[in-house]
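Please read the structure below before turning to the comments.
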Amino acid sequence: MRGEYLNNVNPSLHTKSIERFFSTFKRGMKGAYQHRGHNHLRRCLAEFDLRYNNRKALGVEDQEQADKSLKGIVGRE
């Protein structure tokens with residue numbers, strides 16, 4: 001297992017996905033969420049996570065994404 005990442009033995013091991021996610025998240029925090037406090041960071045991160053994992057590039061259409069979002073708020077105040 002040692003040196004596996006460096007030798008590219010397993011091409012599924014990479015950091016590009018998480019770097020892309022946090023890049024999108026940081027842009028959102030500087031744009032749409034610039035006035036959110038640090039105490040709301042978890043909520044913003046959870047929303048970005050939901051949107052990132054349910055995007056069109058993965059085959060999830062807008063209506064399906066909206067349905068998943070609404071199911072997540074049932075019972076919340």
Side-chain angles (χ1 to χ4, degrees):
M1 192 96 162
R2 187 173 188 196
E4 183 176 357
Y5 179 76
L6 297 175
N7 294 330
N8 254 347
V9 173
N10 187 349
S12 67
L13 295 176
H14 58 81
T15 59
K16 291 180 183 177
S17 297
I18 193 68
E19 288 173 358
R20 185 180 320 120
F21 174 82
F22 278 114
S23 173
T24 304
F25 178 68
K26 286 191 296 186
R27 280 195 309 270
M29 290 302 290
K30 290 179 183 177
Y33 297 99
Q34 64 184 337
H35 298 294
R36 299 286 188 251
H38 291 289
N39 54 334
H40 297 289
L41 186 60
R42 284 181 192 235
R43 292 181 193 169
C44 294
L45 190 56
E47 180 185 341
F48 267 84
D49 181 44
L50 177 74
R51 284 197 270 150
Y52 187 80
N53 290 324
N54 295 291
R55 60 190 188 276
K56 282 190 178 186
L58 297 176
V60 180
E61 295 299 322
D62 291 338
Q63 185 62 45
E64 186 180 355
Q65 184 180 9
D67 292 341
K68 287 181 180 184
S69 297
L70 291 174
K71 284 179 186 176
I73 63 171
V74 173
R76 303 244 175 169
E77 293 182 23

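Numbering of residues begins at 1 and proceeds along the displayed sequence. What you see is a predicted model, and the numbers here were worked out from it, not measured in a lab.
- Inter-residue side-chain proximity for L45 and F21 is flagged as met; some heavy-atom pair is nearer than 4.5 Å.
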* Asked: Which is it for E47 and R51 under the salt bridge (charged side-chain N to carboxylate O under 4.0 Å, His left out) test, yes or no, and what are the steps along the way?
  -> CA-CA 6 Å; E47 180 185 341; R51 284 197 270 150; 3.1 Å; yes
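- Note: the hydrophobic cluster containing L50 does not contain F22 (ILVMFWY, side chain heavy atoms under 4.5 Å, direct or indirect links).
- F25 and I18 fall within the same hydrophobic cluster, defined by Ile, Leu, Val, Met, Phe, Trp and Tyr side-chain heavy atoms under 4.5 Å apart, directly or through other members.
- Residues R20 and T24 bring no donor and acceptor atom of their side chains to less than 3.5 Å of each other.
- The CG atom of N54 lies 6.0 Å from the CD atom of Q65; values are rounded to the nearest 0.5 Å.
- Between atom NZ of residue K26 and atom CZ of residue F48 there is a gap of 12.5 Å, rounded to the nearest 0.5 Å.
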